[in-house]
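Encoded as structure tokens, the structure appears first; notes follow it.
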Amino acid sequence: MASMQRRGYSIVRLVLSMQAGYIEFGQYPDIDHPLSCKQFTDFTFK
């Protein structure tokens, strides 16, 4: 998500778009840090 933020996207708007289904994303589960945003990868706009 940090790379998307560097591109000018707000983290809040990014999460809302993910929830609404406007953005496809991959997930890399992190058992030690389950609430980390770093586990979301490979963003693709629909």
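Reckoned from all heavy atoms, side chains included, excluding hydrogens, waters and symmetry mates.
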Quick one: list whatever passes ring-ring contact (aromatic ring centres under 6.0 Å, His included) with Tyr22, sequence neighbours left out. none
Under the rule for ring-ring contact (aromatic ring centres under 6.0 Å, His included), what residues qualify as partners of Phe40, not counting sequence neighbours? Phe25
Which other residues end up in the same hydrophobic cluster as Tyr28, if Ile, Leu, Val, Met, Phe, Trp and Tyr are linked when side-chain heavy atoms come under 4.5 Å apart?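 Under the 4.5 Å side-chain rule, Tyr28 groups with nothing.
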Transitive ILVMFWY cluster of Leu16, excluding itself - 4.5 Å side-chain cut-off: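 Answer for Leu16: Val12.
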Contacts of type side-chain contact (heavy atoms from CB on, under 4.5 Å), residue Phe45, not counting sequence neighbours: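 So Phe45 forms a side-chain contact (heavy atoms from CB on, under 4.5 Å) with Met4, Tyr9, Ile23.
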Contacts of Gln5 that satisfy side-chain contact (heavy atoms from CB on, under 4.5 Å) - sequence neighbours left out: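 side-chain contact (heavy atoms from CB on, under 4.5 Å) list for Gln5, sorted by chain: Ile11.
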Heavy atoms only: give me the nearest Gln39-His33 pair and the separation to one decimal. NE2-O, 4.5 Å
Gap separating the CD atom of Gln27 from the CG atom of Asp42, nearest 0.5 angstrom: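 If I round to the nearest 0.5 Å, the distance is 11.5 Å.
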